Amino acid sequence: MICYTGSITQKGESDMIETKNLTKIYGSDENRLRALDGVDLTISRGEFAAIVGPSGCGKSTLLHLLGGIDTPTEGIVVIEGVDLSSLAPDPLTVFRRRHIGFVFQSFNLLPRLNVWENVTLPLGLDGIKADKYEVETMLSTLGIAEKRFALPHQLSGGQQQRVAIARALITKPHVVLADEPTGNLDSKTSLDVVLTLCRLNEELSQTIVMVTHSEELAQMASRRIRMGDGRIVSDSGEASK
Amino acid sequence: MIELFKDTLRRIKDHRTRSVIVCLAVILTAILYSAVFGIASSTLSAYERMMQLLNGSDYHGSIGYAYYKLPCEEVLARLNRMPYVKEADAVTPVGTGMMSTEENDLITTSLRILGFSDSRMMSHFFLNMTEGRFPEKEDEVMLSHSFFPDEIIGSRVTIWLMKKMDSGAESYPREFTVTGFYEAEIGSGASELAAVVNGTSNLSEGMMIYLKFRNRLNTTGKIGKAIDSIRGEISGDVPDAIINTAYLTGNLKERMNPQTVFALLFSVIIIFGAASMLIVGVYSAALSQDIKTQGLLWVLGMTEKQRKRAIWAEAGVLLLFSLPVGLLLGYIIGWQMLVPLMDSIGTDRVTGRFDGWVAVFAAVFTAAAVLVSAVKPLNRIRKLTPIEAVHGEERHENQDRKWIRSRKTPGVEGLVCREIVRNPRAHIIPAVSVSLAALLIALTSSAAAVMRENIASDMRMTDYQLYPAMENSSVMIDSGAGLTEEFCEAVKDLDGVENVWPVRVAVDHIPATAAQKALAAEEIEYWRGAGWDNEYFSVMYRELIAAANGTLTCCVLGIPREFFPALSLKNDNYPTANKIPEGNYVIAAGMWRELEDMTGDYFSDGDTLTIGGRTFSVIASKGWSYDVTRRIALPLYMYASGSQLLILPLDMFETLYPDGYVNTLLVDEPDGGIGLLMDSLAELCTS
Ligand SMILES: Nc1ncnc2c1ncn2[C@@H]1O[C@H](COP(=O)(O)OP(=O)(O)O)[C@@H](O)[C@H]1O
Ligand SMILES: [Mg+2]
């Protein structure tokens, strides 16, 4: 059993992620750039939201703000009822490792750690010894159990991304943020990875926010948010309300 | 804990280059600190040694003359029982005596005879036994070999001893058998200590107790307590406490060149800065290579605290490996540097010791420099942008800057210039490191020069102090005729001799004031009661009578102003009386300490004195005469007489006493030290 020390969302509170007037401005004067422009977004518990939009429209910026690895110029991000701007750097980092899992386009595995070690790293940072059974289950769910002792460069792109997903999920975060997780993968593998995310979303009812270029993959999500120029242009979730 | 250690070892292996550079930095820093602290500590310990020699012993202090109700052994036992007393020993001084031998019935010199309670005491007084054995019986004596070259073990000598009486003192002859010879490490020891007599307690009722404590802290307080513990057992005056100034930091501070202190502090800081820069540089470079990993770990939830701990653990382990190496090398190199340095100054007698604290200080400062600077670059992670953190891309230092409207095609030089001008921060560390390194080199050499100069001047002073210019050389000191012009010239030409300072001497008779006459009369009374009006003391007695009748016999010295610092004169009114103020000043120094102590001075500050029709202001002598006479050999009869010592700057002396003769040559120390000088002098004298 993994000892989970994060705060558990109270029942009935369905908003997992909430942003208000989220604005991010890079630079100043001439090269001032409004990467996010007053984004109001609410994502409920258990939702699988896909964010699509042209390159440079602020998708990654939004995801970084949601995950607390960047700070907004204006507006707030509330995750599970906690206003991220209210946390000091170290508590924010701790909050992130307990509540949020990240998956990136480039898989970002530590090259000198093997699969098992990469996957269990977030637990280690929390001072928790990984439960062997649980890790094995996670690895087999993702189809990388045989590769448990392999080093990242000995894996294919799809396998690496699966390791990254396993790492994002090992702490059982309530929120998984994936920034173009399939960007470096061929279409068949991409489909595989997104299907995996879908399954996890159903089985573990984790809230997933995935940025993607691909309309096709976005269709697999329960909600599609389209962005343009730092704003939300359309939102299937909003429309269905 | 073990996990952390294992992780750390792994990190160290993963970052081999960084680890090696950090280790090298640690080693280098430890070496530098060892060298700097080593130089400082050995300078200090050389200084301490020198001061011990000057003080005459390495005891922490002594309790002066007193008359005890208890026997010597019991007083010593009582003191030895005190918790902080390491050693309490007694010396029974037997006044000033004179000696004659079997073949030669002439007075050899005035002597001070010391009775030691224990043979162990000899080393505390820097006396080494060279022949024979320590006296065991009351009529046995040890002599200084250099002072009594003609005596042999078993010969009988007659020593005139003084016995204190209620009414004064009395002298009487006594026969001793020579049991052995010793060598004195201090130049003056040879003439001052004529004999080591065992069991002299019955020769004199006075006793001098020497104390060695377990440490040097609060010497004054401890001596006070020691006195308190025996106060009940003494009669008469409360004993004087004499503190060995070798152990007083206050004295050291006063004597220490502020330049040296400054150089030392400065080099400590510079080394700290240079080492820090190096290590900050290493870790910064490592970090920018490593930024992707560090950023990722941060995204995954590694807190700053954890990161610091990891870096500290790494630095700690590296320290563990490299610090001992650095200290060892520091010891070797520092010491190898020091020993030749010391030797080149010719301080074979006074060499500093390598102190264990040096290693401790060097280790602490090195560790601090490493630990402080290793985590410094981590601050950058706090300022990471997500792009850097997630994608490991180069950070745009200029992201907040305005656009640069340039259409020039950059060449190689242009590229370099733009790199530096547009991103100056990235070049701060290398730039500062380079300048610090340059500064360090400059500083080390100048600090070495300053210290060398400092040590050299201290040592030069010591040589003069310990070896009052050629005191024992009959060729050098001719009590009548002085040194010849040719001889002075020849000395100047000796190998390595840089400067020769002549000390000129003249004898003058000046009219005594009423107060001086009265003082002299009082003393005559006193010493007559003490039996001093016999033949052995006749010279001095005659002078006293002359003074009482209105003529003060003065021995006038002309000393070059440049040499005054070496006299280290002191006086409450002239704390820097190292220099005679410009103008008509004369230093008046009574010849006999004992007289001064008991009866007061002939002269006091502010008196005016007319010499050769010129009026001089007196800087009075309290306690100076002893120093002066130790540094400058006076004609023997001056020693024996009660004449006053007047010191004039050489220029004034020469106009007032054109007939004064050169009595002493003060020689700037040649490179090989005093030993070499002595050799060349001996050669000169025989040729
Ligand atoms: N650290 C940064 N400094 C300056 N501009 C940035 C920074 N990060 C992103 N941007 C700019 O913000 C805009 C949005 O970027 P991003 O969110 O990465 O877009 P995408 O939708 O392609 O993920 C882009 O125009 C990008 O150039
Ligand atoms: Mg993006």
Side-chain angles (χ1 to χ4, degrees), chain A residues 6 24-33 35 60-71 88-113 117-118 120-127 129 164 167-168 170-171 173 177 179-180, chain B residues 1-4 6-16 18-19 286 289-310 375 378-393 395-406 422:
Chain A
K24 179 72 186 181
I25 298 170
Y26 289 114
S28 58
D29 299 334
E30 279 177 286
N31 53 343
R32 181 183 168 93
L33 190 117
S60 297
T61 304
L62 176 62
L63 220 60
H64 295 151
L65 292 176
L66 294 183
I69 57 177
D70 207 351
T71 48
D90 268 5
L92 177 62
T93 307
V94 173
F95 182 86
R96 183 165 56 236
R97 84 177 168 220
R98 289 178 183 166
H99 295 246
I100 301 168
F102 271 101
V103 182
F104 306 103
Q105 177 180 352
S106 47
F107 322 113
N108 286 334
L109 300 177
L110 292 176
R112 293 193 185 82
L113 301 188
E117 292 168 328
N118 261 296
T120 53
L121 177 65
L123 292 174
L125 290 176
D126 227 350
K129 199 163 153 43
R167 180 180 65 191
I170 197 71
T171 57
L177 303 174
D179 192 354
E180 303 201 30
Chain B
M1 200 59 205
I2 293 168
E3 276 302 305
L4 180 69
K6 271 196 208 151
D7 282 355
T8 306
L9 282 184
R10 184 171 180 157
R11 284 165 60 94
I12 290 173
K13 265 192 223 149
D14 284 351
H15 307 284
R16 207 160 296 158
R18 168 168 95 197
S19 305
Q289 273 177 5
D290 214 25
I291 201 82
K292 188 168 175 177
T293 312
Q294 292 298 330
L296 178 67
L297 285 170
W298 171 64
V299 171
L300 291 179
M302 181 183 260
T303 60
E304 208 178 309
K305 237 165 128 186
Q306 289 176 314
R307 211 173 300 124
K308 253 185 204 168
R309 204 176 65 184
V375 294
L378 292 182
N379 294 343
R380 233 194 104 195
I381 292 178
R382 237 187 297 170
K383 296 179 207 139
L384 281 185
T385 63
I387 294 214
E388 284 176 296
V390 177
H391 304 288
E393 278 166 26
R395 176 194 171 108
H396 279 278
E397 299 275 350
N398 296 334
Q399 60 167 278
D400 288 338
R401 287 229 324 228
K402 294 189 179 156
W403 291 352
I404 298 164
R405 299 186 185 281
S406 155
R422 292 184 189 174

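Residue numbering restarts at 1 for every chain, and letters A, B, ... go by the order of the sequence lines. What's counted below: heavy atoms across the whole structure, side chains too, no hydrogens, waters or symmetry copies. Keep in mind the model is a prediction, meaning the values are calculated, not measured.
- The shortest non-hydrogen separation linking B:Glu304 to A:Asp90 is N-OD1, 2.9 Å.
- Between the A:Arg98 side chain and the B:Gly301 main chain, no donor and acceptor come within less than 3.5 Å of each other.
- Taken to the nearest 0.5 Å, the CG atom of A:Leu110 stands 5.0 Å off from the CG atom of B:Leu297.
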(request) Could you walk me through whether A:Thr93 and B:Lys305 pass side-chain contact (heavy atoms from CB on, under 4.5 Å), step by step? (result) CA-CA 11 Å; A:Thr93 307; B:Lys305 237 165 128 186; over 6 Å; no
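- In this structure, CG in A:Leu121 is found 7.0 Å from CE in B:Met302, a value given to the nearest 0.5 Å.
- Contact of the A:Val94 side chain with the B:Gln306 side chain is not registered, since no non-hydrogen atoms from C-beta on lie closer than 4.5 Å.
- Atom CH2 of residue B:Trp298 and atom CG of residue A:Leu125 lie 14.0 Å apart, to the nearest 0.5 angstrom.
- Rounded to the nearest 0.5 Å, atoms CG (B:Leu300) and CD1 (A:Ile170) are 12.5 Å apart.
- A:Ile25 does not touch chain B: none of its heavy atoms, backbone or side chain, sits under 4.5 Å away.
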